[in-house]
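Comments concern the structure below.
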Amino acid sequence: MTDQLHRGAAPDAARLDAADPLADRRALFHLPEGLIYLDGNSLGPLPKGVAERVAATVSTEWGGSLIRGWNAHGWMDLPDRVGDRIGRLIGAAPGSVTVGDSTSVNLFKALAAAVAMRPERAVILSDDGNFPTDLYMAEGLNGLRGRGRLKLVPRAEIAEAIDADTAVVMLTEVDYRTGHKADMAAVTAKAHAAGAVMVWDLAHSTGAFPVDLTASGAEFAVGCGYKYLNGGPGAPAFLYVRPDLAGEAVPALSGWLGHAAPFAFEPAYRPAEGAARMRVGTPPILSLSALDAALDAFEGVDMALVREKSVALAELFISEVARLAPMGSLTLVSPPAAARGSQVSYRHAQGYAVMQALIAEGVIGDFRAPDVMRFGFAPLYLRFTDVAEAALRLADILSSGRWDRPAFHARAKVT
Ligand SMILES: *Cc1c(COP(=O)(O)O)cnc(C)c1O
């Protein structure tokens, strides 16, 4: 606080909060008093109404209706209803998004359908900094098929690396370490010009800024329910299938609930129409109801305003860190706003310990090996004053060296 008095508080923060058109959304979340949460890109906070909805689903629907709930409460359609709500946020037509399983599993399903569309081509192309599970799933798929190759190039070289042997380009729109945001329309156009199929991972995009899958023309996309969508730990993920492929994409995980008529109990598999064919087993109704209730926070929200605020929050954080932190103590690794998602990352040789100290002082971000500190900016519940205060506390921890205590160096399982 004395620092704040000496150096002057961020002059704009309170004024920006007063003019923020999304300011009222904060009241829709449970946020622990006094805590500044900059990790909604990893696990979104608990929206109000979720606990009540889950409790009602458990007690009234499951407890009271028992198996009648599948019809009485529309459980069977929940994956597709929630899919349509997510679809609005990512520019996907109704019926083109289904929800269930994890992002990893959905990526496997999308990749398997994508490679089957280009049987004569060998390569799944991705960037060498992609989120590991995406790369692991591609390797697993190739292993299972006994053919195909995962080719990895630096993110900046993806477009040039697409060629006539590329079956699928698999990319995460926002890099989880640096926050770099790819040009979705341009990369998709490049993939299509070379005859490749495009699969996007929208884990760090969905709910953070507007996405226009329809305009991009991409064939498949996947994304997370527990990051910016706030669906809770391990929330079901989603899978998008371009509508014109709805009768063509072959589900590799041909489960009974992706069947055209699950309750006809036919011995042979026959996929449903639309993204619903990518369903596998019985939908997770409890976690789907949590995600469904969480999506109420996005109801009526203009995603363009979300992007505008996300950029403004990040810019304020970057300028305050630059103004207050000791010279040279941090290296900004995120690109300028136009090529950035909704997070800001810095390198620091002792980034893990610095982040633990910051968390101990009430600002939660996270750390990604080997040396990256990440700060996520979720516009529905963050205030500009929170962001300015977080920068101040970070700068103070760096100036004082308070991070250099043995307790802050001890690594936990989840960083
Ligand atoms: C968070 C994230 C995932 C998570 O996958 P799960 O199967 O839900 O654990 C996958 N891919 C990317 C790019 C992510 O950021």
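Atoms within each ligand, like the ligands themselves, are counted from 1 in listed order. We're numbering straight along the sequence, starting at 1.
A salt bridge links R26 and D386; the closest N-O separation between the charged side-chain nitrogens and carboxylate oxygens is under 4.0 Å.
Relative orientation of the H204 and Y228 rings is perpendicular, given thresholds of 30° and 60° on the angle between their planes.
Within the structure, every pair that satisfies the ring pair (Phe, Tyr, Trp, His ring centres under 6.0 Å) test and touches residues 272-323, not counting sequence neighbours, is listed here: F317-F375, F317-F377. Among residue pairs with one or both ends in residues 134-162, none qualify as ring pair (Phe, Tyr, Trp, His ring centres under 6.0 Å); sequence neighbours excluded.
A heavy-atom cutoff of 4.0 Å around ligand 1 is satisfied by the protein residues S102, T103, S104, F131, T133, D134, T172, D201, A203, H204, C224, Y226, K227.
Take F367 and apply the ring-ring contact (aromatic ring centres under 6.0 Å, His included) test, not counting sequence neighbours, and it matches Y352.
Side chain to side chain, D292 and S289 fail the donor-acceptor criterion of an N or O pair below 3.5 Å.
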